[in-house]
Amino acid sequence: MNIQEEVSSAIQQAVTALYQHEIGDVVLQPTKKEFEGTYTFVTFPLTKTLRQAPAQIGQAIGAWLVENTDVVRAFNVVQGFLNISIADAAWLKVLTNIAAKPAFGTFPSQNRDGKPKSVMVEFSSPNTNKPLHLGHLRNIFLGDSVSRILTANGYNVAKTCIVNDRGVHICKSMLAYQLFGEGETPESSGMKGDHLIGKYYVLFDKAYKAQVEEMVAAGTDKETAEKTAPLMQQVQQMLRMWEQNDPETLVLWNKLNGWVYAGFDATYRTIGITFDKIYYESQTYLLGKEIIEAGLQQGIFYRKDDNSVWIDLTEEGLDQKLVLRADGTSVYITQDLGTTELKYEDFGADRQIWVVGNEQDYHFNVLFSILRRLGRPYASELFHLSYGMVDLPTGKMMSREGTVVDADDLIQETIDAASAAADDAAKGKLDEFSEKEKTELFQMLGLGALKYYLLKVDPQKRMQFNPAESVDLHGNTGPYIK
RNA sequence: GCAUUCGUAGCUCAAUUGGAUAGAGCACCUGACUACGGAUCAGGAGGUUUGGGGUUCGAAUCCCUACGAGUGCACCA
């Protein structure tokens, strides 16, 4: 029993002894620093049942505690707050206990059948058509942090990442590379693979917009122009080829994605992030259909006349939701149902956490509701760690307007700023360090600053990113606190 | 329109989840140091917690309402 529990039960005994009254659980809170004491017991709630003024109750209980226990040394009462000071002997006991436990601060693996509880945390989840940006960094640091916290709390944590490596957006980069690439490679261009592909994604968008504008100028209305522009048709064609496993398309797809992965890996390495398992959507996007079939049999889903399959979630305050198209193909939610099941099977994960932006709040509500309806054993242990977008002082980040803050650039800038500031502050004291040691030091300082800056705001809220402040070494920043 | 998240000092954020006098940093003001309109140190000012109602011993926190901002409401992912 720890001190807090001892005091709590002592208070219960005190109330019984003094007032012949049984009270429920006693909640203690740490005493505010401007008052004497360690723990505080609030007596206001007792005034009704005990029919006495709050301060009086405090006095009575406090006196009883000093008299009858050896944990409590002294007390004082301010209105309805009973501040309790703990005896030195009791602290001594706590300290010796801590000293005897080498793993103090971490909790032992806990669980029902002796095995540690396992939890899966999914984060980062990038697309393979452009490099990581500031938003990803908030996501990644959040995911990494909860993983560490859970590990310290005795969970067996599996960090996963699901890569969105297929679809129209990927085909856009692929097509642009095919048309304008002229065999350029990361080596020949000296660019990181993910940045190189990002360049072609932007190039596609430019060429496509120009084409649409041209058509509009020639008299086509905007909507049809967007749909029928030759470049868009070529992209659709490429997607069909990919789905039919066309060898040539797959070779290109593999080559470009490979460059992007190499780029991502470099970034992850710099910031010290690793994953236990990476899922690829190209391998999971067909999952989930069996679950729908099974659910149909149980009457959880229903089929409309046009053969599409739906679920009615109006009881949960949500809408009717399509889970299978009329042609039998799956949608986003179908795929997520399948992937969740797959992750459960792969890791036996009792719990799953998704670190995903708050624009997907509704999607996860629906996903969890469906899994509950299906009676999946893990359905009550799913959590969407939702976080707000990151704004710049100039406004929102927009990839179209080119106002995104690139992750690699940002990391480099932060490290540079750290090195400049550290050099300045140390005034030559760093000379005794080797170049390698210095680089490591600056990297540590810079990344620490960046992490702290992105994590100090409540995840739920939108936050504003101020480049100058993020690399500042004073004030409420990582380096200063260190 | 419906759903959902949010609104705290001039700015960016806290507040141990319903507790005591709502706290930090930046910016600002005063003083010290001084070859500086810089750096550092000491101090100060700054608030009807968006407005209004309610719940209770007690509300920034819970409920209702108005206003303001973000996001979502695809047979895209």
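Naming: A, B, ... by sequence-line order, numbering from 1 per chain.
- Under the Watson-Crick or G-U wobble criterion, with both distances below 3.5 Å, U40(B) is paired with A32(B).
- Under the Watson-Crick or G-U wobble criterion, with both distances below 3.5 Å, C73(B) is paired with G1(B).
- Remark: U56(B) base-pairs with no nucleotide in the shown strands. Criterion, Watson-Crick or G-U wobble with two distances under 3.5 Å.
- Distances from the side chain of Lys32(A) to the nucleotides U16(B), G19(B), A77(B) place U16(B) closest.
- Residues passing the salt bridge (charged side-chain N to carboxylate O under 4.0 Å, His left out) test with Glu226(A), sequence neighbours excluded: Lys222(A).
- Residue Asp336(A) is out of contact with every strand shown, counting any heavy-atom pair closer than 4.0 Å.
- Remark: P of A74(B) and CG of Asp319(A) are 8 Å apart, rounded to the nearest angstrom.
- In terms of position along RNA chain B, the nucleotide closest to Phe81(A) lies nearer the 5' end than the nucleotide closest to the other residue of the pair Phe81(A) and Asn358(A).
- The side chain of Arg325(A) contributes no N or O atom lying less than 4.0 Å from OP1 or OP2 of A74(B).
- Comparing U50(B) with C11(B), their P atoms sit 13 Å apart, to the nearest whole Å.
- The same atom, P, is picked in G43(B) and in U48(B); the two are 26 Å apart, to the nearest Å.
- Under the Watson-Crick or G-U wobble criterion, with both distances below 3.5 Å, G47(B) has no partner in any strand shown.
- Every residue was checked against the salt bridge (charged side-chain N to carboxylate O under 4.0 Å, His left out) condition with Lys304(A), not counting sequence neighbours, and none meets it.
- Residue Lys461(A) places no side-chain N or O under 4.0 Å from the OP1 or OP2 atom of C6(B).
- Comparing the C1' positions of A39(B) and U61(B) gives a spacing of 41 Å, expressed to the nearest Å.
- Looking only at side-chain heavy atoms (C-beta outward), Tyr302(A) and Gln320(A) come within less than 4.5 Å of each other.
- Under a 3.5 Å cut-off, the side chain of Thr267(A) and the backbone N or O of Gly263(A) do form a donor-acceptor pair.
- Using atom P as the reference point in both A74(B) and U55(B), the two lie 41 Å apart (nearest Å).
- Between the CE atom of Met463(A) and the P atom of U71(B) there is a distance of 17 Å, given to the nearest Å.
- You'll find that the side chain of Val457(A) is closest to A14(B), out of A14(B), A20(B), C75(B).
- Contact annotation for Thr40(A): base contact, defined as any heavy-atom pair under 4.0 Å involving a base atom.
- With no hydrogens or angles considered, a side-chain donor-acceptor pair links Ser124(A) and Tyr268(A) at under 3.5 Å.
- Side-chain contact between Phe204(A) and Leu175(A) is present, with heavy atoms from C-beta onward closer than 4.5 Å.
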Between the protein and nucleotides 57-63 of chain B, list the N/O to N/O atom pairs that are separated by less than 3.5 angstrom.
from	atom 1	to	atom 2	distance (Å)
C57(B)	OP1	Lys48(A)	NZ	2.9

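- Side-chain atoms of Trp310(A) and Phe301(A), non-hydrogen and from C-beta on, never get closer than 4.5 Å to each other.
- Screening residues 164-177 of chain A for salt bridge (charged side-chain N to carboxylate O under 4.0 Å, His left out), with sequence neighbours left out, gives Arg166(A)-Glu243(A).
- The distance from atom CD of Gln464(A) to atom C1' of G7(B) is 15 Å, rounded to the nearest whole Å.
- Taking atom CG of Leu318(A) as the reference point, atom C1' of A3(B) lies 9 Å away to the nearest angstrom.
- In the interface, the side chain of Asp391(A) is not paired with the base of A69(B) through any donor and acceptor atom under 3.5 Å apart.
- Separating the CG atom of Asp165(A) from the P atom of C76(B) is a distance of 19 Å, rounded to the nearest angstrom.
- Phosphate proximity of C75(B) to Lys321(A): absent, as no side-chain N or O sits under 4.0 Å from OP1 or OP2.
- Its glycosidic angle being more than 90° from 0, A15(B) falls on the anti side.
- U21(B) shows a glycosidic angle more than 90° from 0 and is accordingly assigned anti.
- In this structure, Asn466(A) places its CG atom 10 Å from P of C13(B), rounding to the nearest Å.
- Leu455(A) has its CG atom 12 Å from the P atom of A14(B), to the nearest Å.
- When the C1' atom is used for both G1(B) and A27(B), the distance is 42 Å, rounded to whole Å.
- Here Gln460(A) does not reach the OP1 or OP2 of U5(B): none of its side-chain N or O atoms lies under 4.0 Å away.
- Here, C63(B) and U21(B) have their C1' atoms 28 Å apart, quoted to the whole Å.
- With a 3.5 Å ceiling on both atom-pair distances, U16(B) lacks any Watson-Crick or G-U wobble partner.
- Using a 4.0 Å heavy-atom distance criterion, Asp327(A) is classed as making no nucleic acid contact.
- The Lys396(A) side chain lies nearest to U71(B) when the options are U71(B), A77(B), A14(B).
- A3(B) has no base stacking with the ring of Tyr362(A) when judged by centroids under 5.5 angstrom apart and an interplanar angle below 30°.
- Using a 4.5 Å heavy-atom cutoff, the side chains of Val356(A) and Phe123(A) are not in contact.
- Comparing U16(B), C13(B), C75(B) by their closest approach to the side chain of Pro30(A) singles out U16(B).
- Position along RNA chain B of the nearest nucleotide to Phe35(A) versus His169(A) favours Phe35(A) as the more 5'-ward residue.
- Base-pair partner of C11(B): G25(B) (Watson-Crick or G-U wobble, both distances under 3.5 Å).
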Give every pair of a protein N or O atom and an N or O atom of nucleotides 22-28 of chain B that lie under 3.5 Å apart, one pair per line with the distance.
from	atom 1	to	atom 2	distance (Å)
G25(B)	O2'	Asn476(A)	N	3.3

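- Under the ring-ring contact (aromatic ring centres under 6.0 Å, His included) test applied with Trp253(A), the options Tyr177(A), Trp259(A), Trp242(A) reduce to a single match, Trp242(A).
- Here the C1' atom of nucleotide C6(B) and the CD atom of Glu359(A) are 16 Å apart, to the nearest Å.
- Annotation: C62(B) and U17(B) have their C1' atoms spaced 11 Å apart (nearest Å).
- Spacing between C75(B) and U8(B) at atom P, rounded to whole Å, works out to 37 Å.
- Contact of the Ile86(A) side chain with the Ile84(A) side chain is registered, since non-hydrogen atoms from C-beta on lie closer than 4.5 Å.
- The partner of U61(B) is absent, by the rule that a Watson-Crick or G-U pair needs both atom distances under 3.5 Å.
- The ring-ring contact (aromatic ring centres under 6.0 Å, His included) check on Tyr453(A) picks up Phe465(A), with sequence neighbours excluded.
- Between Tyr280(A) and Tyr261(A), the ring center distance clears the sub-6.0 Å criterion.
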